[in-house]
> 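Input: one structure, supplied below.
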Protein chains: 2
Amino acid sequence: MNIGQASEASGVSAKMIRYYEEIGLIAPPARTGNNYRVYATDQVHVLRFIKRARSLGFSLEETETLLKLWQDKSRTSAAVKDVAPTHINDLERRIAEMQGMVKTLKTLAHCCGGDHRPDCPILDDLAGDGTVSGENQPHIHRA
Amino acid sequence: MNIGQASEASGVSAKMIRYYEEIGLIAPPARTGNNYRVYATDQVHVLRFIKRARSLGFSLEETETLLKLWQDKSRTSAAVKDVAPTHINDLERRIAEMQGMVKTLKTLAHCCGGDHRPDCPILDDLAGDGTVSGENQPHIHRA
DNA sequence: CTTGACCTTCCCATGATGGGAAGGCCTACA
DNA sequence: TGTAGGCCTTCCCATCATGGGAAGGTCAAG
């Protein structure tokens, strides 16, 4: 199976497959005489595993941990379970941050008349000291 | 006021102030004879405006729009109000995505015994076809 | 034999931010 | 006057995950 077919079968772009190989996330595959990468079904499973972990919001680093645990036959499920809460906490923190932003924005948009007066509470708030209701803590990682 | 003081007063790092200048988000300030940037109070207000917009999750591009509206004396508040809902929708979509991830992870972590058996529903789910309850749509921007 | 669809490597871009080097300037203190 | 240190300047590099695209090799169908 060439990289294009592996990409098709796994849903991971060829570009990303090569990148994952480059950073050592996946093993370098065999090559044909013409230097083409050849993938077996096993490798496609690995790629799908990676894709799914990414879709659940795990970083590539976290994904690598999960992948090793998956491939380590002597793994314990406890070790895996430890990874989830950390990630859940991280997600919930970011969700709360964003909900704060939404609340502030809704408040401001609601107050903003939407007419042609040049006074706008949204801009006034952005310019001001930031004590409008619905305030959220900064410390954004630009979610 | 030097860049360090402007940074202190606005909460924007000197590095970022220079960057904002470089990309044209803020105007190049005056320079002293020794080539130091000099900022007036007005510029600090602009920096604080930017900082607050960023803390509400607006991208620099969106922030530029808001900034122009703020500085445009003939602006209408309607024009500003139009910017908020788009951003709110975007935020809410990302929140929903992340909540889906959390739900899936919680379900999986709950099922996972946490003992020493090598069977773990989290890994099994990651490896599988992804039809576990709490499923969310991919299309992640790695929130 | 040509055409087009693959594959290869290599470089560059994104967005927002930080790190750090190399060098200039200024102030305080001995 | 010398020096130490704390600012400032520009310039380059790194992050994270991904995509774009160029230049060139290979292969299969017509």
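Numbers restart at 1 for each chain; the letters A, B, ... are given by sequence-line order, proteins then strands.
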> For A:V44 and A:A9, work out which heavy atoms get closest and say how close.
CG1-CB, 3.9 Å

> With heavy-atom distances below 4.5 Å as the criterion, would you say the side chains of A:V12 and A:I50 are in contact?
no

> In whole Å, what is the span from the CD atom of A:E8 to the C1' atom of C:dC7?
16 Å

> Strictly below 4.0 Å: does B:R37 bring a side-chain N or O up to OP1 or OP2 of D:dC8?
no

> Give every donor-acceptor pair under 3.5 Å between a side-chain atom in residues 18-30 of chain B and any protein atom, sequence neighbours left out.
| from | atom 1 | to | atom 2 | distance (Å) |
| --- | --- | --- | --- | --- |
| B:E21 | OE1 | B:R37 | NE | 2.8 |

> Please identify each residue that fulfils side chain to side chain donor-acceptor pair (under 3.5 Å) with B:Q99, with sequence neighbours left out.
none

> When you measure from the side chain of A:Q5 to the backbone N and O of A:N2, does any donor-acceptor pair fall under 3.5 Å?
yes

> Would you check if A:Y36 and A:I3 make a side-chain contact, meaning some heavy-atom pair closer than 4.5 Å?
no

> So do A:V38 and A:R31 actually touch side chain to side chain, heavy atoms under 4.5 Å?
no

> With sequence neighbours left out, which residue pairs that include part of residues 8-17 of chain B fulfil the side chain to side chain donor-acceptor pair (under 3.5 Å) condition?
none

> Using the closest heavy atom to pick a nucleotide of DNA chain C for each, name whichever of B:M16 or A:Q5 lands nearer the 5' end.
A:Q5

> Between protein and nucleotides 21-30 of chain D, map the contacts as a letter string: B base, S sugar-phosphate only, - none, heavy atoms under 4.0 Å, written 5' to 3'.
B---BBS---

> Under 3.5 Å, side chain of A:Q43 to main-chain N/O of A:A40, donor-acceptor pair present?
no

> Let me know, please, whether A:N35 or B:S13 comes out on the 5' side of the other along DNA chain C by nearest nucleotide.
A:N35

> Under 4.5 Å between any side-chain heavy atoms of B:L60 and B:R54, yes or no?
yes

> Could you tell me, to 10°, how much the axis swings from one end of the helix from C:dC1-D:dG30 to C:dA30-D:dT1 to the other, five pairs per end?
30°

> I want to check one thing: is the phosphate of C:dG15, taken as OP1 and OP2, less than 4.0 Å away from some side-chain N or O of B:S59?
no

> Could you list the residues that satisfy side chain to side chain donor-acceptor pair (under 3.5 Å) with A:N34, not counting sequence neighbours?
A:T32

> Give the residues of residues 18-31 of chain A touching DNA chain C, defined as any heavy atom closer than 4.0 Å, sorted by residue number.
A:R18, A:R31

